[in-house]
Amino acid sequence: MSRAGDLLEEVIAVTQGLANGGYDDVARRAGRLVGALEGQRGKFFYKTLTGVPNANRCKKAAEAAAAAVRSRDASALASAMSKLEAEVQEMISRADAPGTVLT
Amino acid sequence: MNPVVKKPVVAFMDARSSSPDTSLVAKMLTVFDAAGLDEIISPGDVVAIKLHCGEWNNTAYLRPVYARALADRVKELGGRPFVCDTTTLPYAQFPSRVTELDLLLSAERNGFTSATLGCPFICADGFVGTSDHRVDLPEGFLLKEAYIAQAIAAADALIALTHFKGHAMGVIGGALKNLGIGAQSKRGKFNVHLGGHPKYGMGGSGKYAPEAFKGKESDPGWRAIEESCPFDLLRIDDDDRLVWDSERCTTCLGCGTLLAPRGILEMSVEMFEATDAAIADGALGAVKAVGREKVGFVNMAIDVSPGCDCPAWADTPVVPHLGVFASKDPVAIDQACVDMATAAPGVRGSRAEDMGVDEPGDVKFDLVSPLLEGLSQQTTINTAALIGLGSREYELVRPERAGNEKFAFPPDPRRNRVRFGRMFEKLQPFPYDRHGGRGFDRLPEVDFEKVHPKADVEA
């Protein structure tokens with residue numbers, strides 16, 4: 001099992017790669033996502049098991065977007081980017097939001 | 001020649017139901033007797049039934065009917081039951097069971113009252129959680145004393161009625177945790193959580209980074225941070241720096257959810273692991289307080305959520321309902337539950353799938369439950385075995401169904417004609433006198449093809 005912190009780095013790397021796919025809009029959105037994701041580094045959430053499912057979902061969404069870029073499938077890419085943005089937003093909101101019960 | 005050591009019995013029935021005597025309530029009572037738990041109750045005994053009444057808005061805790069049925073069984077055996085839980089540490093931002101007042105309100109909202117239980121529901125450790133009985137633990141692995149909730153220590157017999165599930169700190173919440181945490185007073189819970197311990201307590205083991213606090217101006221949540229510590233050990237000083245008196249930290253866990261996301265405090269695996277071991281010591285304290293021959297264990301492995309019943313929510317179960325277990329041995333019963341969870345498939349769409357442990361044979365709880373990686377579902381169990389609280393080896397027995405007759409409706413177990421015949425004669429609920437004796441105005445026949453799955457039905 002990959003740790004949430006490792007998965008976060010993979011998400012950042014895959015998302016960075018989206019910028020070179022030849023789609024200006026995607027590059028712009030990927031850049032925004034990378035900035036937000038880099039701000040997550042070092043947070044406690046990514047050192048916990050709680051962070052793994054969210055980070056995994058982000059990784060899968062990023063890989064789906066990358067696959068759409070490679071296949072030049074504009075329709076799939078639009079939906080994959082929306083999904084990626086939603087997953088990243090969800091992960092960040094969980095990482096920053098207190099509320100997890102420890103006991 | 002070595003004497004043959006008899007393994008403790010764990011009575012088990014699965015969770016499938018298709019008749020009155022396979023209802024989970026009926027199965028609970030069947031395994032209770034099959035494990036010999038009826039033998040621990042003598043006429044006149046005051047019997048504590050210890051359960052987790054569930055946090056406010058938690059939905060996975062045991063339905064009150066199980067405690068009711070158990071209390072009724074205790075009464076049949078001549079005992080005098082009460083159902084209880086204990087006050088908690090202030091472990092969250094808005095906890096609901098920290099005082100007796102709050103505990104009773106939460107319990108009542110979750111359905112635990114004298115009306116539903118047929119016996120009193122009480123807070124076993126007093127209004128604040130200082131009503132307790134100290135027990136020496138020279139054989140303890142880490143703790144050398146325990147503080148047992150007074151009402152439990154005072155009881156003649158104790159039944160730990162446990163919802164078996166995962167736990168963010170304990171990894172599993174089983175019989176051992178129901179006593180190792182649940183039977184401790186609040187004072188005892190500070191002890192088990194290693195409050196004030198120089199190496200394993202939050203103060204000693206937490207990684208504190210005060211520079212991560214950005215000042216009142218930048219952090220609108222600063223007041224919540226200050227107010228999270230009931231011991232007033234977190235203060236923002238005149239220079240806008242966060243100051244924590246870590247040496248006096250009690251490990252109440254009230255601040256963790258505010259400090260950890262900010263990077264101010266990191267909890268350590270060592271603290272969690274030490275607590276998991278201490279839970280076994282605490283459980284031993286409870287067993288010693290009541291008497292080893294007077295304690296029984298019932299584990300309901302249903303709604304096996306990844307987290308405890310302490311949060312104000314409950315996630316999708318990670319394995320299907322496993323069934324009902326009973327034993328005189330808390331180690332054996334928890335081991336049996338863990339073994340069965342490992343053998344079970346994970347539930348699709350649950351955290352078991354999230355974490356990639358959804359196949360039969362996968363160890364589930366080590367990944368789906370703890371906050372931190374590196375903790376094990378075996379730590380508490382192994383510690384308990386090491387200190388002589390029980391055995392990891394067990395004999396799983398599967399009792400026969402007890403028969404539907406046994407689970408007839410107790411207030412009136414007569415059959416229908418005897419019960420209702422005269423009443424229906426006087427107040428006839430079926431209108432035989434209408435529509436040629438058929439009672440109601442209905443069509444003689446309809447075409448079901450019109451509503452079959454492939455029918456073209458307009459919305």
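Below, chain A is the first sequence line, B the second, and so on; all start at residue 1. Atom set for the values below is all heavy atoms of this structure, side chains included, hydrogens, waters and symmetry mates excluded.
The two residues B:Leu372 and A:Lys47 have their closest heavy-atom pair at CD2-O, 4.1 Å. Among all heavy-atom pairs drawn from A:Ala95 and B:Pro261, the shortest one is O-CB, 3.7 Å. Taking each heavy atom of B:Leu371 and A:Thr48 in turn, the nearest pair found is O-CB, 3.1 Å.
Between chain A and the residues B:Ala260, B:Gly263, B:Pro306, B:Gly356, the most heavy-atom pairs under 4.5 angstrom are made by B:Ala260.
Heavy atoms of B:Asp309 lying under 4.5 Å from chain A are absent altogether.
Counting non-hydrogen atoms of other residues, nucleotides and ligands closer than 6.0 Å to CZ of A:Arg72 gives a total above 12. For OH of B:Tyr61, the number of neighbouring non-hydrogen atoms (other residues, nucleotides, ligands) closer than 6.0 Å is greater than 12. The local environment of NZ in A:Lys60 is sparse, with at most 12 non-hydrogen atoms from other residues, nucleotides or ligands closer than 6.0 Å.
Salt bridge status for B:Asp354 with A:Arg57: present, with a side-chain N to carboxylate O gap under 4.0 Å.
For the atom pair CZ (A:Phe44) and CZ (B:Arg262), the distance works out to 14.5 Å, reported to the nearest 0.5 Å.
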